[in-house]
Colleague: 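Below: one structure in C-alpha cells.
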There are 2 protein chains.
Amino acid sequence: MKFFKVPEPTIMRLSLYSRILEQMEERGIPIISSVELGDAVGINSGVVRKDLSMFGEFGVRGVGYNVRELRDNIRKLLGQDRNWPVIIVGAGHLGSSLAAYPGFTQRGFNIEAIVDSDPALAGTTIQGHPVIDWAGAEQLIKEQGVRMAILAVPPDAVQSVAQRMIDLGIEAILNFSPIILKVPAAKAQVQNVDLTVFFDLMRFTSNLNEQEGLRPQSSSLRGLAVR
Amino acid sequence: MKFFKVPEPTIMRLSLYSRILEQMEERGIPIISSVELGDAVGINSGVVRKDLSMFGEFGVRGVGYNVRELRDNIRKLLGQDRNWPVIIVGAGHLGSSLAAYPGFTQRGFNIEAIVDSDPALAGTTIQGHPVIDWAGAEQLIKEQGVRMAILAVPPDAVQSVAQRMIDLGIEAILNFSPIILKVPAAKAQVQNVDLTVFFDLMRFTSNLNEQEGLRPQSSSLRGLAVR
DNA sequence: ACTTGTGAAGATGTTCACAGCT
DNA sequence: AGCTGTGAACATCTTCACAAGT
C-alpha cells in the first residue's frame, strides 16, 4: 500500500466539495467544472484541481467532472460511504444540537447514544437518540465497536472524560470544549475544535476595521502594534 | 497608523494564549516562559515568541513574560477588553448552546438577544437572554449599535437571514450553518465555521489508521489513492 | 474550443539557532 | 545561566501557466 502526504487543508476542502456535489446531484446537474466547484466553495479553480488530482484523475479534459462519480470518489476518500458508529458525551445544549443535526446520518455517522452522568436523563431520548449512563456506555462501545467520541462536556470535565473514553477503547476524540485536550498520541487521536477561537478571530478584524473603516476582506490579516 | 500583515494562525493562537494566561493568573502564577506557554497549547516555543514579537516586546530576556501584563496586552489586541454587543440568530439547539456559554461574557461579548422567527418564542428568555422577533431585532441593533451577528439557523435560511442582518446594519457575521455563506466583501465580513468539516477531518485519519494500525498523530496527513 | 492535470514559481507559515539582554 | 527576539533556512501550501487530452 502506497501512502503519500496530503495537506490538511485539502481534506477540509474535500469535505466542502462533497457537500456541494451532493447539492448538485440533487439538482440533477451531471457535470461540473473546477471553476464552478471552486466558486461554490469560494476558492480558486487551481486549488480544486490540485486537491482532486492528488487522489486520482477524476475529470475529463475539455469537459469537467462527472458529478455523481466525483461525489462517490470523495465519499470513499473521506470514509463517508461507510457507517461510523459514534457516541456523543454530554447531553447539554451543544451535545443536543449535534445530536439534532440530520446531515450527520447522511454523511455516514451513526449516533449510537448520548452519554451523560445525570441519572435523571438516563433512559430518556434526545432527538431520537437514547441517553445512557457510563455503565451503558461501556457496554455499547464494546458491543457496537464504537471508535469515535464527540466530547461536548463542561471544560473541567474534559480531561477525565477523555481518559475514561480511551479506557473504554475509543480511538478518536473530537473535543468541543474550550480546553486543549492532550492525550498521548499512541492512545488516541484528538481533534480540538475551540469555538471561542472563531469569535476572537472575527472580532480581531472587526476591531481593526473600526480603526480604518470597513474594507474588503482578505485572507491575510493585518495587525496593529500595542505600543 | 502603521499596519502590517498578521497570519491568521497567529490570531487563532493568541486566542488560545489568552485563555491559558487567564488560567495562570487565577492560579497566581506571575511569570511564564514561551516554553511553558507553548506546551500548554501544544506548540513549539519559537512559534509563541514569533507570534508575540509581532505586536511588541512583551517579555524580558532571561526571565519570561509577566502573566498579567501579557494577558492584558493580548486582551487588548483581540479586543477582549471592550464590550461587544452581539446578536444570536436562531433559538434552536445550537443558538441556545452558544447563549449558554458563560465564557462568552467573560471574553467581552455581550449577548443582547436571540432572534427567532417563531412567534411562540418571542418574549421568552433563553439562559437569561431575551428572545425577540425581527421587528425587535431591528430596533435593538439600531439602539445598541450591534455590529456582530452569530447565525445558528437552518441551512436553507442562512442566505436570506444574512441578507436581512446586513440590511439592518450588521458588519460581521459568524456563520455556523453547513453552507458557505457568501456576501459582498464590502457589505460585511463573514466567517464560516462548518462543524462537519472537523468530523470529516477526524474520520479521514481514522479511516487511514484502520488500514495501517494506529500511529502517532502528525500534522501532515497521509492519503491513499482511490485506484 | 474547452477544461483537466501538473511542474515550476511564488507566497506564506514554521523551525532553527544564536545574538542580545537581564 | 537563562530566556527573549529575530534573521535565515526550511517546509508547506497556493497560484500560475501551459502541455495534454477530448
Side-chain angles (χ1 to χ4, degrees), chain A residues 4-14 16-17 21 24 29-67 69-70 73-74 77 197 201 217-223 225-227, chain B residues 4-14 16-17 21 24 29-67 69-70 73-74 197 201 218-223 225-227:
Chain A
F4 49 90
K5 280 203 239 172
V6 181
E8 186 169 300
T10 292
I11 307 302
M12 299 181 110
R13 286 189 300 259
L14 284 178
L16 300 179
Y17 303 154
L21 290 166
M24 294 289 167
I29 296 168
I31 301 288
I32 192 171
S33 74
S34 60
V35 175
E36 293 169 299
L37 193 46
D39 286 350
V41 307
I43 56 168
N44 177 302
S45 67
V47 178
V48 176
R49 295 198 298 280
K50 261 267 149 74
D51 283 343
L52 298 178
S53 71
M54 205 134 215
F55 299 96
E57 306 204 352
F58 303 125
V60 178
R61 289 164 198 236
V63 180
Y65 300 91
N66 178 305
V67 170
E69 210 181 286
L70 184 56
N73 277 312
I74 294 180
L77 283 170
V197 168
L201 184 57
Q217 50 193 148
S218 85
S219 59
S220 77
L221 306 169
R222 278 150 307 111
V226 165
R227 350 173 180 283
Chain B
F4 49 90
K5 280 204 240 173
V6 181
E8 185 169 299
T10 293
I11 307 301
M12 299 180 109
R13 286 189 299 260
L14 284 179
L16 299 179
Y17 302 154
L21 289 166
M24 294 290 166
I29 297 168
I31 301 288
I32 192 171
S33 74
S34 59
V35 174
E36 293 167 300
L37 193 45
D39 285 351
V41 307
I43 57 169
N44 176 304
S45 68
V47 178
V48 176
R49 295 198 299 279
K50 261 266 149 76
D51 284 343
L52 298 178
S53 70
M54 208 136 212
F55 299 95
E57 305 204 352
F58 303 124
V60 178
R61 291 166 197 233
V63 180
Y65 300 90
N66 179 304
V67 170
E69 210 182 288
L70 184 57
N73 276 312
I74 294 180
V197 168
L201 184 57
S218 85
S219 60
S220 78
L221 306 169
R222 279 150 304 110
V226 167
R227 348 172 180 285

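Atom set for the values below is all heavy atoms of this structure, side chains included, hydrogens, waters and symmetry mates excluded. Labels below follow one simple rule: chain letters A, B, ... track the order of the sequence lines, proteins then strands, and each chain is numbered from 1. Here the structure is a predicted model, which is why all the values come from computation and not from measurement.
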Colleague: Could you tell me the separation between the CE atom of Met12(B) and the C1' atom of dT14(C), rounded to a whole number of Å?
Modeller: 17 Å

Colleague: Minimum heavy-atom separation for Ile31(A) and Val63(A), please, with both atom names.
Modeller: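 Taking every non-hydrogen atom into account, CG2-O, 4.0 Å.
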
Colleague: Testing the basics here: between Met54(A) and Lys5(A), what is the closest heavy-atom pair and its distance to 0.1 Å?
Modeller: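 So the two residues come closest at CE-O, 3.7 Å.
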
Colleague: Restricting both atoms to N or O, compile the protein contacts to nucleotides 17-20 of chain D shorter than 3.5 Å, with distance only.
Modeller:
residue	atom	partner	partner atom	Å
dA17(D)	N6	Arg49(A)	NH2	3.4
dA20(D)	N3	Arg61(A)	NH1	3.0

Colleague: Rounded off to whole Å, could you give me the CZ-to-C1' distance for the Phe58(A) and dG21(D) pair?
Modeller: 18 Å

Colleague: Take atom CD1 of Ile43(A) and atom P of dT15(D), then tell me their distance rounded to the nearest Å.
Modeller: 8 Å

Colleague: Between Ser34(B) and dT4(D), does any side-chain N or O lie under 4.0 Å from OP1 or OP2?
Modeller: yes

Colleague: Can you give the donor-acceptor pairs under 3.5 Å from side chains of residues 42-52 of chain A to other protein atoms, not counting sequence neighbours?
Modeller:
residue	atom	partner	partner atom	Å
Asn44(A)	OD1	Gly46(A)	N	2.5
Ser45(A)	OG	Arg49(A)	NH1	3.2
Arg49(A)	NH1	Ser34(A)	OG	3.0
Asp51(A)	OD1	Thr10(A)	OG1	2.9
Asp51(A)	OD1	Arg13(A)	NH2	2.8
Asp51(A)	OD2	Arg13(A)	NE	2.6
Asp51(A)	OD2	Arg13(A)	NH2	3.3
Asp51(A)	OD2	Tyr17(A)	OH	2.6

Colleague: Using atom CG of Asn66(A) as one end and atom P of dT22(D) as the other, report the distance to the nearest whole Å.
Modeller: 16 Å

Colleague: Quick one: CG on Asn66(B) to CD1 on Ile29(B), what's the gap to the nearest 0.5 Å?
Modeller: 12.5 Å

Colleague: Glu57(B) has an atom CD; how far is it from atom P of dC21(C), in whole Å?
Modeller: 10 Å

Colleague: Of the nucleotides dG5(D), dT4(C), dG13(C), which one has an atom closest to the side chain of Tyr65(A)?
Modeller: dT4(C)

Colleague: Answer yes or no: does a side-chain N or O of Asn44(A) lie under 4.0 Å from OP1 or OP2 of dC16(D)?
Modeller: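 Checking Asn44(A) against dC16(D): at least one side-chain N or O falls below 4.0 Å of OP1 or OP2.
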
Colleague: In whole Å, what is the span from the CG atom of Asn73(B) to the P atom of dG5(D)?
Modeller: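 For the pair Asn73(B) CG and dG5(D) P, the rounded distance is 11 Å.
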
Colleague: In whole Å, what is the span from the CG atom of Asp51(B) to the P atom of dT6(D)?
Modeller: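 Atom CG in Asp51(B) sits about 13 Å away from atom P in dT6(D).
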
Colleague: Round to a whole Å and report the spacing from CG of Leu37(B) to P of dC3(D).
Modeller: 14 Å

Colleague: Return the CZ to CG distance between Phe58(A) and Asn73(A), rounded to the nearest 0.5 Å.
Modeller: 4.5 Å

Colleague: Hey, what do you get for CG (Leu21(A)) to CD (Glu69(A)), rounding to the nearest 0.5 Å?
Modeller: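 Between atom CG of Leu21(A) and atom CD of Glu69(A) there are 11.5 Å.
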
Colleague: Among dG5(C), dT22(C), dG13(C), find the nucleotide with the atom closest to the side chain of Val60(B).
Modeller: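 Nearest listed nucleotide: dT22(C).
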
Colleague: Out of dG5(C), dC16(D), dT4(D), which nucleotide sits closest to the side chain of Ser53(A)?
Modeller: dG5(C)

Colleague: Write down the protein N/O and nucleotide N/O pairs, taken from nucleotides 8-10 of chain D, whose separation is under 3.5 Å; answer none if there are no such pairs.
Modeller:
residue	atom	partner	partner atom	Å
dA8(D)	N6	Lys50(B)	NZ	3.2

Colleague: Please round to the nearest 0.5 Å and tell me the distance separating atom CD1 of Ile74(B) and atom CG of Leu14(B).
Modeller: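 Nearest 0.5 Å value for the CD1-CG distance: 5.5 Å.
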
Colleague: What are the two closest non-hydrogen atoms of Val67(B) and Met24(B), and how far apart are they?
Modeller: CG1-CB, 3.8 Å

Colleague: On DNA chain D, compare the nucleotides closest to Val47(A) and Leu52(B); which residue's is nearer the 5' end?
Modeller: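 The 5'-side residue here is Leu52(B).
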
Colleague: If the cut-off is 4.0 Å, is Arg13(A) near the phosphate of dC13(D), judged by side-chain N/O to OP1 or OP2?
Modeller: no

